[in-house]
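Have a look at the structure below, then the notes.
For reference, positions follow the sequence shown, starting with 1.
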Amino acid sequence: MWQNWAGNQTSQIRPKRPTTTEDLQQLIASAETLRPVGAGHSFTPLVPGAQHIIDLTALDLPAVTQIEGERAWVNANARLRDLSPALAEHGMAFRNLGDINVQTLAGAAGTATHGTGRTLPCLSAEITAARLIGADGQTLTTDDIPLNMVQVSLGMLGIVTEAQINVVPKYNLRRRVRLSDLQDTLERMHQHWGENRNFEFFYIPFTGKTVEIRHDITDATETRAPRDLDMIAVKVLKLARNAGRLSPGLRRALLRLLTLAQSDEDYTGESWRVLCSDRHIRFKEMEYHLPPENARDVLSELIRRLERDHADIYFPIEVRQTAGDDGCLSPFRGGPRVSVAIHTDAKEGHLRYFEAMEPLFLQAGGRPHWGKLHSLTYSDLSRLYPDFDAFCTLRERLDPKGKFLTPALARMFRP
(Lines give C-alpha, C1' and ligand atoms only; values in the text may rest on other atoms or scores of the structure.)
Protein backbone atom coordinates (compact mmCIF):
# COMPACT_ATOMS: atom_id res chain seq x y z
CA MET A 1 0.00 0.00 0.00
CA TRP A 2 1.13 3.57 -0.72
CA GLN A 3 -0.02 6.82 0.85
CA ASN A 4 1.18 10.37 0.62
CA TRP A 5 2.72 12.35 3.48
CA ALA A 6 -0.58 13.88 4.58
CA GLY A 7 -2.46 10.58 4.34
CA ASN A 8 -5.22 12.02 2.14
CA GLN A 9 -4.14 10.10 -0.99
CA THR A 10 -3.75 6.31 -0.91
CA SER A 11 -3.34 3.35 -3.24
CA GLN A 12 -3.43 -0.38 -2.62
CA ILE A 13 -0.65 -0.84 -5.18
CA ARG A 14 2.76 -1.67 -3.76
CA PRO A 15 5.44 0.49 -5.41
CA LYS A 16 8.06 -1.18 -7.59
CA ARG A 17 11.66 -0.04 -7.12
CA PRO A 18 13.81 -0.48 -10.23
CA THR A 19 17.54 -0.21 -9.63
CA THR A 20 18.72 0.39 -13.19
CA THR A 21 17.58 2.58 -16.06
CA GLU A 22 17.11 -0.57 -18.16
CA ASP A 23 14.72 -2.03 -15.54
CA LEU A 24 12.81 1.25 -15.52
CA GLN A 25 12.51 1.28 -19.29
CA GLN A 26 11.10 -2.25 -19.30
CA LEU A 27 8.59 -1.42 -16.57
CA ILE A 28 7.36 1.64 -18.44
CA ALA A 29 7.14 -0.10 -21.81
CA SER A 30 5.12 -3.02 -20.42
CA ALA A 31 2.72 -1.12 -18.16
CA GLU A 32 -0.79 -0.06 -19.09
CA THR A 33 -0.78 2.87 -16.66
CA LEU A 34 1.83 3.90 -14.11
CA ARG A 35 2.88 6.82 -11.97
CA PRO A 36 6.20 7.69 -10.33
CA VAL A 37 6.25 8.60 -6.64
CA GLY A 38 8.77 10.64 -4.73
CA ALA A 39 8.36 11.71 -1.12
CA GLY A 40 4.56 11.98 -1.40
CA HIS A 41 4.46 15.67 -0.49
CA SER A 42 1.78 16.48 -3.05
CA PHE A 43 -1.75 16.65 -1.70
CA THR A 44 -3.45 16.22 -5.07
CA PRO A 45 -4.44 12.80 -6.54
CA LEU A 46 -1.45 12.45 -8.88
CA VAL A 47 -0.93 8.75 -8.10
CA PRO A 48 -4.17 6.88 -7.18
CA GLY A 49 -5.76 5.07 -10.11
CA ALA A 50 -2.54 3.92 -11.78
CA GLN A 51 -1.97 0.21 -12.45
CA HIS A 52 1.66 0.47 -11.33
CA ILE A 53 3.52 2.80 -8.98
CA ILE A 54 7.25 3.28 -9.40
CA ASP A 55 9.56 4.47 -6.64
CA LEU A 56 12.78 5.72 -8.26
CA THR A 57 14.89 6.35 -5.16
CA ALA A 58 16.85 3.10 -5.68
CA LEU A 59 18.06 3.93 -9.21
CA ASP A 60 21.82 3.41 -9.51
CA LEU A 61 22.64 7.05 -10.23
CA PRO A 62 24.94 9.21 -8.11
CA ALA A 63 23.41 12.33 -6.58
CA VAL A 64 25.69 14.59 -8.64
CA THR A 65 27.08 13.27 -11.91
CA GLN A 66 28.79 16.32 -13.41
CA ILE A 67 29.53 19.98 -12.63
CA GLU A 68 30.09 22.34 -15.56
CA GLY A 69 30.68 25.89 -14.36
CA GLU A 70 27.45 26.94 -12.67
CA ARG A 71 25.40 24.03 -13.98
CA ALA A 72 25.22 20.55 -12.51
CA TRP A 73 23.84 17.25 -13.80
CA VAL A 74 22.07 15.51 -10.91
CA ASN A 75 19.93 12.47 -10.16
CA ALA A 76 16.43 13.90 -10.59
CA ASN A 77 14.97 11.37 -8.16
CA ALA A 78 17.35 12.15 -5.30
CA ARG A 79 15.85 14.11 -2.45
CA LEU A 80 16.67 17.77 -2.11
CA ARG A 81 18.00 17.15 1.39
CA ASP A 82 20.58 14.77 -0.12
CA LEU A 83 21.40 16.88 -3.17
CA SER A 84 22.25 19.95 -1.08
CA PRO A 85 25.18 18.38 0.84
CA ALA A 86 26.27 16.57 -2.33
CA LEU A 87 26.49 19.89 -4.18
CA ALA A 88 28.26 21.45 -1.19
CA GLU A 89 31.03 18.87 -1.55
CA HIS A 90 31.69 20.45 -4.95
CA GLY A 91 31.50 23.96 -3.47
CA MET A 92 28.07 24.62 -5.02
CA ALA A 93 24.47 25.12 -3.86
CA PHE A 94 20.90 25.60 -5.06
CA ARG A 95 20.15 29.25 -5.73
CA ASN A 96 17.01 28.93 -3.62
CA LEU A 97 14.88 26.30 -1.88
CA GLY A 98 11.51 26.04 -0.21
CA ASP A 99 11.15 25.47 3.51
CA ILE A 100 10.70 21.70 3.07
CA ASN A 101 13.45 19.69 1.38
CA VAL A 102 12.39 16.06 1.71
CA GLN A 103 10.92 16.05 -1.81
CA THR A 104 12.70 14.58 -4.80
CA LEU A 105 13.96 17.12 -7.33
CA ALA A 106 11.72 15.63 -10.04
CA GLY A 107 8.64 15.81 -7.82
CA ALA A 108 9.34 19.31 -6.57
CA ALA A 109 10.18 20.70 -10.02
CA GLY A 110 7.35 18.83 -11.73
CA THR A 111 4.81 20.65 -9.55
CA ALA A 112 6.60 24.06 -9.61
CA THR A 113 7.52 23.98 -5.93
CA HIS A 114 9.11 27.25 -4.83
CA GLY A 115 10.74 29.18 -2.04
CA THR A 116 10.43 32.93 -1.64
CA GLY A 117 12.26 35.93 -3.08
CA ARG A 118 11.03 38.51 -5.60
CA THR A 119 14.00 37.93 -7.92
CA LEU A 120 14.32 34.16 -7.34
CA PRO A 121 12.45 31.70 -9.60
CA CYS A 122 10.80 28.42 -8.63
CA LEU A 123 12.83 25.22 -8.67
CA SER A 124 11.61 24.04 -12.08
CA ALA A 125 12.90 27.23 -13.74
CA GLU A 126 16.42 26.24 -12.65
CA ILE A 127 16.32 23.14 -14.88
CA THR A 128 18.32 23.77 -18.07
CA ALA A 129 18.21 20.25 -19.61
CA ALA A 130 16.78 16.84 -18.75
CA ARG A 131 16.75 13.16 -19.66
CA LEU A 132 13.55 11.18 -19.33
CA ILE A 133 11.98 7.85 -20.25
CA GLY A 134 8.94 8.18 -22.50
CA ALA A 135 5.75 6.13 -22.62
CA ASP A 136 7.30 3.62 -25.04
CA GLY A 137 10.31 3.05 -22.77
CA GLN A 138 12.72 5.00 -24.95
CA THR A 139 15.03 7.76 -23.74
CA LEU A 140 14.06 11.34 -24.53
CA THR A 141 15.90 14.59 -23.83
CA THR A 142 15.14 18.27 -23.95
CA ASP A 143 16.67 18.21 -27.42
CA ASP A 144 13.55 16.21 -28.39
CA ILE A 145 10.98 18.07 -26.26
CA PRO A 146 10.88 21.82 -25.55
CA LEU A 147 12.54 22.55 -22.22
CA ASN A 148 9.77 24.87 -21.07
CA MET A 149 7.27 22.02 -21.52
CA VAL A 150 9.37 19.59 -19.47
CA GLN A 151 10.16 21.88 -16.55
CA VAL A 152 6.65 21.66 -15.07
CA SER A 153 4.98 18.55 -16.43
CA LEU A 154 3.68 16.53 -13.42
CA GLY A 155 5.37 13.42 -14.84
CA MET A 156 3.04 13.33 -17.85
CA LEU A 157 5.61 13.64 -20.66
CA GLY A 158 7.86 10.90 -19.30
CA ILE A 159 9.72 9.98 -16.16
CA VAL A 160 12.66 12.29 -15.56
CA THR A 161 15.83 10.45 -14.54
CA GLU A 162 18.50 13.17 -14.72
CA ALA A 163 18.37 16.95 -14.79
CA GLN A 164 20.86 19.71 -15.41
CA ILE A 165 20.24 22.59 -13.01
CA ASN A 166 21.59 26.06 -12.37
CA VAL A 167 23.74 26.21 -9.25
CA VAL A 168 25.77 28.90 -7.50
CA PRO A 169 28.86 28.87 -5.29
CA LYS A 170 27.76 27.77 -1.83
CA TYR A 171 26.89 30.60 0.52
CA ASN A 172 25.71 31.45 4.02
CA LEU A 173 22.43 33.13 4.88
CA ARG A 174 21.46 35.26 7.85
CA ARG A 175 17.95 34.45 9.05
CA ARG A 176 16.01 37.02 11.06
CA VAL A 177 12.57 36.37 12.54
CA ARG A 178 10.33 38.87 14.28
CA LEU A 179 6.72 39.35 15.35
CA SER A 180 4.83 42.18 13.66
CA ASP A 181 1.35 43.68 13.50
CA LEU A 182 -0.73 42.40 10.59
CA GLN A 183 -1.51 45.83 9.14
CA ASP A 184 2.13 46.87 9.23
CA THR A 185 3.13 43.70 7.39
CA LEU A 186 0.42 44.14 4.75
CA GLU A 187 1.39 47.75 4.16
CA ARG A 188 5.11 47.05 3.88
CA MET A 189 5.30 43.51 2.44
CA HIS A 190 6.30 44.63 -1.07
CA GLN A 191 8.95 46.90 0.44
CA HIS A 192 10.27 43.93 2.44
CA TRP A 193 10.47 41.79 -0.70
CA GLY A 194 12.45 44.56 -2.37
CA GLU A 195 14.86 45.01 0.53
CA ASN A 196 15.60 41.36 1.34
CA ARG A 197 16.85 38.43 -0.70
CA ASN A 198 14.14 36.24 0.83
CA PHE A 199 11.08 37.44 2.68
CA GLU A 200 7.95 35.61 3.80
CA PHE A 201 5.44 35.86 6.59
CA PHE A 202 2.85 33.82 8.44
CA TYR A 203 -0.39 35.24 9.79
CA ILE A 204 -1.46 33.69 13.10
CA PRO A 205 -5.27 33.46 12.99
CA PHE A 206 -7.27 35.48 15.51
CA THR A 207 -4.25 37.42 16.81
CA GLY A 208 -3.68 40.32 14.42
CA LYS A 209 -0.01 39.29 14.42
CA THR A 210 2.39 38.00 11.79
CA VAL A 211 5.73 36.24 12.00
CA GLU A 212 8.09 37.83 9.46
CA ILE A 213 11.12 35.90 8.17
CA ARG A 214 14.03 37.43 6.27
CA HIS A 215 17.12 35.84 4.73
CA ASP A 216 20.11 37.67 3.30
CA ILE A 217 23.52 36.49 2.05
CA THR A 218 26.33 37.11 4.50
CA ASP A 219 30.06 36.50 4.85
CA ALA A 220 29.62 36.02 8.59
CA THR A 221 30.51 32.67 10.12
CA GLU A 222 27.86 30.19 11.18
CA THR A 223 26.16 30.54 14.53
CA ARG A 224 24.41 27.95 16.62
CA ALA A 225 21.08 26.94 15.13
CA PRO A 226 18.13 27.99 17.30
CA ARG A 227 15.71 25.45 18.64
CA ASP A 228 12.91 24.75 16.17
CA LEU A 229 9.77 25.85 17.99
CA ASP A 230 7.36 25.60 15.05
CA MET A 231 5.91 22.27 16.18
CA ILE A 232 5.34 23.58 19.71
CA ALA A 233 3.72 26.74 18.37
CA VAL A 234 1.29 24.79 16.16
CA LYS A 235 0.38 22.54 19.12
CA VAL A 236 -0.35 25.63 21.23
CA LEU A 237 -2.51 27.03 18.42
CA LYS A 238 -4.50 23.80 18.36
CA LEU A 239 -4.80 23.82 22.15
CA ALA A 240 -6.09 27.39 22.01
CA ARG A 241 -8.60 26.43 19.31
CA ASN A 242 -9.88 23.53 21.42
CA ALA A 243 -10.07 25.72 24.53
CA GLY A 244 -12.02 28.29 22.55
CA ARG A 245 -14.83 25.78 22.10
CA LEU A 246 -15.37 26.06 25.85
CA SER A 247 -14.56 29.74 26.23
CA PRO A 248 -13.63 32.26 23.51
CA GLY A 249 -11.88 34.27 26.20
CA LEU A 250 -9.63 31.35 27.04
CA ARG A 251 -8.60 31.09 23.38
CA ARG A 252 -7.74 34.78 23.30
CA ALA A 253 -5.69 34.45 26.48
CA LEU A 254 -3.70 31.48 25.17
CA LEU A 255 -3.05 33.21 21.85
CA ARG A 256 -1.87 36.31 23.67
CA LEU A 257 0.55 34.20 25.72
CA LEU A 258 1.84 32.59 22.52
CA THR A 259 2.55 35.93 20.85
CA LEU A 260 4.18 37.27 24.01
CA ALA A 261 6.43 34.21 24.04
CA GLN A 262 7.51 34.75 20.42
CA SER A 263 11.09 35.96 20.51
CA ASP A 264 13.19 37.47 17.75
CA GLU A 265 15.63 35.13 16.03
CA ASP A 266 18.98 35.87 14.39
CA TYR A 267 20.85 32.89 12.92
CA THR A 268 23.57 32.42 10.30
CA GLY A 269 24.31 29.14 8.53
CA GLU A 270 24.80 27.32 5.24
CA SER A 271 22.01 28.29 2.85
CA TRP A 272 20.10 25.03 2.69
CA ARG A 273 20.26 24.52 6.45
CA VAL A 274 18.82 27.99 7.04
CA LEU A 275 16.13 27.87 4.35
CA CYS A 276 14.78 24.40 5.15
CA SER A 277 13.14 22.99 8.26
CA ASP A 278 11.42 19.80 9.35
CA ARG A 279 7.65 19.52 9.39
CA HIS A 280 6.53 17.06 12.05
CA ILE A 281 2.85 18.02 12.21
CA ARG A 282 0.99 16.83 9.14
CA PHE A 283 -1.48 19.01 7.30
CA LYS A 284 -3.45 19.47 4.07
CA GLU A 285 -2.85 22.55 1.99
CA MET A 286 -4.28 24.77 -0.72
CA GLU A 287 -2.04 27.40 -2.31
CA TYR A 288 -2.77 29.94 -5.02
CA HIS A 289 -0.29 32.22 -6.79
CA LEU A 290 -1.66 35.74 -7.20
CA PRO A 291 -0.71 38.81 -9.26
CA PRO A 292 1.30 40.92 -6.76
CA GLU A 293 -0.99 43.93 -7.13
CA ASN A 294 -3.96 41.86 -5.89
CA ALA A 295 -2.26 40.18 -2.93
CA ARG A 296 -3.01 42.69 -0.18
CA ASP A 297 -6.75 42.89 -0.91
CA VAL A 298 -7.03 39.12 -1.15
CA LEU A 299 -5.20 38.62 2.14
CA SER A 300 -7.35 41.17 3.94
CA GLU A 301 -10.54 39.52 2.71
CA LEU A 302 -9.21 36.01 3.34
CA ILE A 303 -8.43 36.85 6.97
CA ARG A 304 -11.80 38.57 7.42
CA ARG A 305 -13.67 35.49 6.16
CA LEU A 306 -11.48 33.12 8.15
CA GLU A 307 -12.09 34.89 11.44
CA ARG A 308 -15.80 35.38 10.73
CA ASP A 309 -16.70 31.90 9.52
CA HIS A 310 -13.98 29.39 10.42
CA ALA A 311 -13.26 29.40 14.13
CA ASP A 312 -11.98 25.82 13.89
CA ILE A 313 -8.93 26.85 11.80
CA TYR A 314 -5.69 27.31 13.72
CA PHE A 315 -2.91 26.79 11.14
CA PRO A 316 -1.20 30.05 10.07
CA ILE A 317 -1.56 31.52 6.57
CA GLU A 318 1.75 31.51 4.68
CA VAL A 319 2.69 34.26 2.20
CA ARG A 320 5.69 34.22 -0.18
CA GLN A 321 6.70 35.74 -3.55
CA THR A 322 8.48 34.11 -6.52
CA ALA A 323 9.98 35.55 -9.71
CA GLY A 324 8.38 34.95 -13.09
CA ASP A 325 9.63 32.43 -15.65
CA ASP A 326 8.62 31.01 -19.05
CA GLY A 327 7.65 27.44 -18.10
CA CYS A 328 4.55 26.47 -20.08
CA LEU A 329 2.69 25.19 -16.99
CA SER A 330 4.55 27.28 -14.43
CA PRO A 331 2.14 29.25 -12.23
CA PHE A 332 4.78 32.00 -12.38
CA ARG A 333 4.73 32.25 -16.15
CA GLY A 334 4.72 35.83 -17.32
CA GLY A 335 5.79 37.57 -14.12
CA PRO A 336 6.20 37.33 -10.35
CA ARG A 337 3.42 35.98 -8.18
CA VAL A 338 2.58 36.22 -4.49
CA SER A 339 1.73 32.78 -3.10
CA VAL A 340 -0.88 32.44 -0.37
CA ALA A 341 -1.19 29.05 1.33
CA ILE A 342 -3.90 27.90 3.72
CA HIS A 343 -3.80 24.71 5.77
CA THR A 344 -5.85 22.36 7.90
CA ASP A 345 -4.86 19.53 10.20
CA ALA A 346 -4.29 16.36 8.14
CA LYS A 347 -6.86 14.49 10.24
CA GLU A 348 -9.54 17.17 10.07
CA GLY A 349 -11.93 18.18 7.32
CA HIS A 350 -10.71 20.77 4.85
CA LEU A 351 -13.51 21.06 2.30
CA ARG A 352 -15.60 23.76 3.99
CA TYR A 353 -12.61 26.06 4.47
CA PHE A 354 -10.93 25.45 1.12
CA GLU A 355 -14.16 25.64 -0.88
CA ALA A 356 -15.02 28.95 0.79
CA MET A 357 -11.64 30.51 -0.05
CA GLU A 358 -10.94 29.15 -3.53
CA PRO A 359 -13.36 31.53 -5.35
CA LEU A 360 -11.56 34.47 -3.73
CA PHE A 361 -8.24 33.29 -5.18
CA LEU A 362 -9.75 32.69 -8.60
CA GLN A 363 -11.49 36.07 -8.78
CA ALA A 364 -8.09 37.69 -8.19
CA GLY A 365 -6.50 35.86 -11.13
CA GLY A 366 -4.82 33.19 -9.03
CA ARG A 367 -3.26 29.99 -10.37
CA PRO A 368 -3.17 26.89 -8.15
CA HIS A 369 -0.04 25.11 -6.99
CA TRP A 370 0.00 21.84 -8.95
CA GLY A 371 0.80 19.74 -5.89
CA LYS A 372 -1.78 21.29 -3.56
CA LEU A 373 -5.51 20.88 -3.30
CA HIS A 374 -7.75 22.67 -5.79
CA SER A 375 -10.94 21.90 -7.72
CA LEU A 376 -10.00 23.04 -11.24
CA THR A 377 -10.56 21.03 -14.41
CA TYR A 378 -9.49 21.37 -18.05
CA SER A 379 -11.90 24.18 -18.87
CA ASP A 380 -10.68 26.24 -15.91
CA LEU A 381 -6.97 25.62 -16.43
CA SER A 382 -7.00 26.25 -20.16
CA ARG A 383 -8.13 29.82 -19.43
CA LEU A 384 -5.29 30.40 -16.96
CA TYR A 385 -2.35 29.34 -19.16
CA PRO A 386 -1.70 30.82 -22.64
CA ASP A 387 -0.12 27.62 -24.02
CA PHE A 388 -2.13 25.08 -22.07
CA ASP A 389 -3.58 23.51 -25.22
CA ALA A 390 -0.11 23.30 -26.78
CA PHE A 391 1.09 21.34 -23.76
CA CYS A 392 -1.94 19.03 -23.94
CA THR A 393 -1.30 18.41 -27.64
CA LEU A 394 2.33 17.48 -26.92
CA ARG A 395 1.28 15.24 -24.03
CA GLU A 396 -1.22 13.45 -26.25
CA ARG A 397 1.40 12.93 -28.97
CA LEU A 398 3.99 11.52 -26.58
CA ASP A 399 1.51 9.42 -24.58
CA PRO A 400 -1.56 8.77 -26.77
CA LYS A 401 -2.81 5.92 -24.56
CA GLY A 402 -2.64 7.98 -21.38
CA LYS A 403 -0.08 5.75 -19.70
CA PHE A 404 1.00 8.53 -17.31
CA LEU A 405 -2.53 9.82 -16.61
CA THR A 406 -4.59 9.14 -13.52
CA PRO A 407 -8.34 9.89 -13.52
CA ALA A 408 -7.64 13.18 -11.72
CA LEU A 409 -4.98 14.21 -14.23
CA ALA A 410 -7.26 13.30 -17.12
CA ARG A 411 -9.90 15.69 -15.78
CA MET A 412 -7.31 18.45 -15.84
CA PHE A 413 -5.51 17.69 -19.10
CA ARG A 414 -8.14 16.20 -21.41
CA PRO A 415 -11.12 18.22 -22.68
Side-chain angles (χ1 to χ4, degrees), residues 2 15-31 33-42 46-47 50 52-68 71-84 86-87 90 92 94 101-113 123-167 327-329 370-371 394-395 397-399 403-406 409:
W2 172 88
K16 296 182 178 180
R17 294 180 172 83
T19 58
T20 68
T21 302
E22 291 75 18
D23 290 341
L24 174 60
Q25 289 176 298
Q26 292 176 8
L27 278 172
I28 294 174
S30 62
T33 61
L34 82 163
R35 288 293 299 171
V37 294
H41 260 268
S42 288
L46 304 179
V47 173
H52 297 288
I53 297 174
I54 300 179
D55 180 338
L56 300 169
T57 55
L59 276 182
D60 59 348
L61 293 171
V64 177
T65 57
Q66 188 178 14
I67 303 279
E68 300 173 344
R71 290 184 177 180
W73 277 100
V74 300
N75 178 351
N77 294 286
R79 297 199 182 203
L80 299 174
R81 67 183 180 192
D82 298 321
L83 286 171
S84 288
L87 287 170
H90 296 273
M92 308 304 287
F94 286 100
N101 67 347
V102 300
Q103 310 100 317
T104 63
L105 174 64
T111 53
T113 294
L123 195 58
S124 57
E126 300 288 12
I127 293 178
T128 55
R131 301 185 182 106
L132 54 163
I133 310 300
D136 59 359
Q138 299 301 305
T139 299
L140 297 169
T141 74
T142 43
D143 291 331
D144 307 305
I145 310 172
L147 173 64
N148 73 333
M149 297 279 191
V150 174
Q151 287 170 322
V152 183
S153 57
L154 289 84
M156 293 186 294
L157 303 183
I159 294 180
V160 180
T161 55
E162 295 177 87
Q164 184 188 61
I165 59 171
N166 289 318
V167 290
C328 180
L329 293 187
W370 289 112
L394 176 65
R395 189 215 61 77
R397 177 171 66 81
L398 294 176
D399 182 20
K403 182 172 290 190
F404 297 127
L405 287 183
T406 62
L409 285 169

Q) If you look at every heavy atom in P15 and D55, which pair is closest and at what distance? A) CB-CB, 4.1 Å
Q) Minimum heavy-atom separation for H90 to A86, with atom names? A) CD2-O, 3.2 Å
Q: Using the side-chain contact (heavy atoms from CB on, under 4.5 Å) rule, take L140 and I133 through it: C-alpha gap first, then chi angles, then the decisive distance, then the call.
A: CA-CA 6 Å; L140 297 169; I133 310 300; over 6 Å; no
(Q) Show the nearest heavy-atom pair for residues R79 and V102, with the distance to one decimal. (A) CD-O, 3.0 Å
Q. Within a strict 4.5 Å, meaning less than it, do heavy atoms of the T139 and Q25 side chains meet?
A. yes
Q. Who are the side-chain hydrogen bond (donor to acceptor under 3.5 Å, both in side chains) partners of T111, not counting sequence neighbours?
A. T113
Q: Taking ring-ring contact (aromatic ring centres under 6.0 Å, His included) as the test, write out the residues that go with H52, two or more places apart.
A: none
Q) Is any side-chain heavy atom of L83 less than 4.5 Å from a side-chain heavy atom of L105? A) yes
**Q.** Heavy-atom side-chain proximity of T19 to D60 below 4.5 angstrom
**A.** no
(Q) Looking at L409, is its backbone amide N or carbonyl O close enough to the side chain of T406 to form a donor-acceptor pair, meaning the two atoms are under 3.5 Å apart? (A) yes
Q) Hey, are the side chains of C328 and V152 touching, using non-hydrogen atoms and a 4.5 Å cut-off? A) no
Q: Would you confirm whether D399, through its side chain, and F404, through its main-chain N or O, come within 3.5 Å as a donor-acceptor pair?
A: yes
Q: Take I159 and L56 through the side-chain contact (heavy atoms from CB on, under 4.5 Å) test and state the conclusion after the steps.
A: CA-CA 9 Å; I159 294 180; L56 300 169; 3.2 Å; yes
Q. So do L123 and L80 actually touch side chain to side chain, heavy atoms under 4.5 Å?
A. yes
Q) Roughly how far apart are E126 CD and R71 CZ, rounded to 0.5 Å? A) 10.0 Å
Q: Quick one: pull up OG in S153 and CD1 in I145 and give me the separation to the nearest 0.5 Å.
A: 8.5 Å
Q) Counting only N and O atoms by type, is there a donor-acceptor contact under 3.5 Å from the side chain of N75 to the main-chain atoms of L61? A) yes
Q. Hey, are the side chains of K16 and I53 touching, using non-hydrogen atoms and a 4.5 Å cut-off?
A. no
Q. Any donor and acceptor pair, going by atom type alone, linking the side chain of K403 with main-chain N or O of A135 inside 3.5 Å?
A. yes
Q) What is the minimum heavy-atom distance between T65 and V74, and which atoms define it? A) OG1-N, 4.2 Å
(Q) Checking the side chain of S84 only, and the main-chain atoms of R81 only, is there a donor and an acceptor separated by less than 3.5 Å? (A) no
Q. Rounded to the nearest 0.5 Å, how far does OG of S124 lie from CD1 of I165?
A. 12.0 Å
(Q) Using every non-hydrogen atom in the two residues, find where L157 and R395 come nearest and quote the distance to one decimal. (A) CD2-CA, 3.7 Å
(Q) I need the minimum non-hydrogen distance between T104 and A39, along with the two atoms involved. (A) CG2-N, 4.3 Å
Q: Apply side-chain contact (heavy atoms from CB on, under 4.5 Å) to the pair T161 and L24, showing each step before the final yes or no.
A: CA-CA 10 Å; T161 55; L24 174 60; 3.8 Å; yes
Q | Any donor-acceptor pair under 3.5 Å from Q164 side chain to W73 backbone | A | no
Q: Determine, step by step, whether I54 and V37 satisfy the side-chain contact (heavy atoms from CB on, under 4.5 Å) criterion, reporting the C-alpha distance in whole Å, the side-chain angles of both residues, the deciding distance to 0.1 Å, and the verdict.
A: CA-CA 6 Å; I54 300 179; V37 294; over 6 Å; no
Q) Is Q151 reaching over with its side chain to a backbone N or O of I127, donor-acceptor style, under 3.5 angstrom? A) yes
Q. Taking the side chain as C-beta and beyond, is there a heavy-atom pair between L46 and R35 under 4.5 Å?
A. yes
**Q.** Sequence-distant partners of R131, salt bridge (charged side-chain N to carboxylate O under 4.0 Å, His left out), two or more places apart
**A.** E162
(Q) Quick one, L87 and V167 - any side-chain contact, counting heavy atoms below 4.5 Å? (A) yes
